[in-house]
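What follows is a set of notes on a single structure, which appears directly below.
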Amino acid sequence: HHDGGFASHVQVPARWLCPVPEVAEPWRLAAIADAVTTPLQAVRRTGLAAGDVAIVVGVGGVGGFLVEIATALGARVVAIDVSAHRLARALEHGAMTVDSVTLDPKTARKEVAKRLGDGPADGWHVFECSGAPAGQLLAFSLLTRGGKLSIVGFTPEVVPLRLSNLMALDAEAYGNWGADPALYPEALRLGLDGRVDVAAA
């Protein structure tokens with residue numbers, strides 16, 4: 001939304017830049033500037049760590065990268081989507097998957113618990129990346145005691161929620177508009193190390 005978007009050179013504040021080593025096709029790193037750093041910020045805000053449960057609702061572009069980041073951190077990842085193609089990609093990147101095409105929130109919760117087996121039943125980190133009202137309702141319904149909900153997807157629709165669930169479950173909720181450019185170096189390392197497949201965006 002600024003002049004110069006099609007120019008060969010654009011002047012920008014240095015604080016938003018990070019050094020990039022020479023790579024064969026630098027354009028393949030373009031996803032780092034938003035599609036990778038946005039989910040990385042969501043992960044950092046919730047404090048997701050190795051061994052934690054990360055449930056990602058909507059595993060398209062941003063959600064798909066969130067799956068990869070969470071897996072790279074050593075979390076137990078469950079991917080939920082209506083697209084078989086997206087779920088297959090999440091499976092390739094280490095996630096357990098739940099197809100939500102015909103599932104209501106209550107049944108989906110049981111399916112997630114089934115995938116986790118003996119995993120922790122409380123303190124789940126739920127990341128809503130679908131940007132769809134149904135996805136946001138599903139994500140909210142998956143909150144557990146002491147859990148954390150991160151809203152990464154956007155919808156202009158009004159979504160009816162019982163916010164008292166946050167109080168009753170002693171849970172936390174986070175918004176996530178874009179990402180802090182300070183995360184660029186970390187996101188770049190994840191891409192260059194091969195822990196996040198930025199070229200597949």
Side-chain angles (χ1 to χ4, degrees), residues 28-100 108 112 115-116 119-120 123-132 134-144 147-155 171-201:
R28 290 184 178 273
L29 301 176
I32 286 172
D34 182 38
V36 177
T37 48
T38 296
L40 178 59
Q41 177 162 285
V43 162
R44 290 296 174 224
R45 281 189 174 164
T46 69
L48 185 72
D52 288 343
V53 170
I55 302 168
V56 186
V57 179
V59 290
V62 170
F65 283 127
L66 203 151
V67 165
E68 294 183 52
I69 293 167
T71 301
L73 288 174
R76 303 187 67 205
V77 184
V78 179
I80 302 177
D81 206 297
V82 296
S83 165
H85 171 71
R86 291 174 179 175
L87 289 173
R89 186 167 186 269
L91 189 64
E92 290 174 4
H93 289 286
M96 298 168 268
T97 61
V98 173
D99 187 334
S100 62
V112 169
R115 298 296 189 282
L116 291 171
W124 293 353
H125 296 238
V126 183
F127 300 92
E128 200 298 302
C129 300
S130 74
Q136 294 193 345
L137 284 168
L138 174 59
F140 192 75
S141 75
L142 291 170
L143 269 176
T144 55
K148 297 179 181 182
L149 172 65
S150 180
I151 303 297
V152 186
F154 171 80
T155 176
E172 300 173 37
Y174 299 82
N176 198 80
W177 184 262
D180 185 343
L183 291 171
Y184 289 175
E186 182 181 357
L188 180 63
R189 284 194 300 274
L190 286 168
L192 294 177
D193 293 348
R195 288 177 288 166
V196 172
D197 186 5
V198 296

Which residue pairs satisfy the salt bridge (charged side-chain N to carboxylate O under 4.0 Å, His left out) criterion with at least one member in residues 31-48, sequence neighbours excluded?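 Listed by first then second residue: Arg44-Glu186.
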
Taking all non-hydrogen atoms of both residues, which atom of [X] and which atom of [Y] are closest, and how far apart?
X      : Y      : value
Ala182 : Pro185 : O-CD, 3.3 Å
Ala54  : Phe127 : CB-CE1, 4.0 Å
Ala31  : Val198 : CB-O, 4.1 Å
Gly135 : Ser130 : CA-OG, 3.4 Å
Thr97  : Arg115 : O-NE, 2.8 Å
Asp99  : Val82  : OD1-CA, 4.2 Å

Residue pair Val56 / Cys129, side-chain heavy-atom distance below 4.5 Å: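 Yes, close enough: below the 4.5 Å cut-off.
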
I'd like to know if the side chain of [X] reaches the main chain of [Y], judged simply by a donor and an acceptor atom lying under 3.5 Å from each other, with no hydrogens or angles considered.
X      : Y      : answer
Asn176 : Thr38  : yes
Asp193 : Arg195 : no
Thr37  : Ile32  : yes
Glu128 : Leu149 : no
Thr144 : Gly123 : yes

Quick one: do Met96 and Leu116 satisfy side-chain contact (heavy atoms from CB on, under 4.5 Å)? Show the steps, please. CA-CA 8 Å; Met96 298 168 268; Leu116 291 171; 3.8 Å; yes

Listing, residues 60-73 side-chain donor-acceptor contacts under 3.5 Å, not counting sequence neighbours, or none:
unit_1 : atom_1 : unit_2 : atom_2 : d
Glu68  : OE1    : Asp197 : N      : 2.6
Glu68  : OE2    : Arg89  : NH2    : 3.3
Thr71  : OG1    : Val67  : O      : 2.8
Thr71  : OG1    : His93  : O      : 3.2

Rounded to the nearest 0.5 Å, how far apart are NE2 of His125 and NZ of Lys148?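 Going from NE2 on His125 over to NZ on Lys148, the span is 5.0 Å.
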
Using 0.5 Å steps for rounding, measure from the CZ atom of Arg76 to the CH2 atom of Trp124.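 It is 10.5 Å, given to the nearest 0.5 Å.
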
Just do the side-chain contact (heavy atoms from CB on, under 4.5 Å) check on Leu190 and Leu40 with the steps written out, would you? CA-CA 10 Å; Leu190 286 168; Leu40 178 59; 4.2 Å; yes

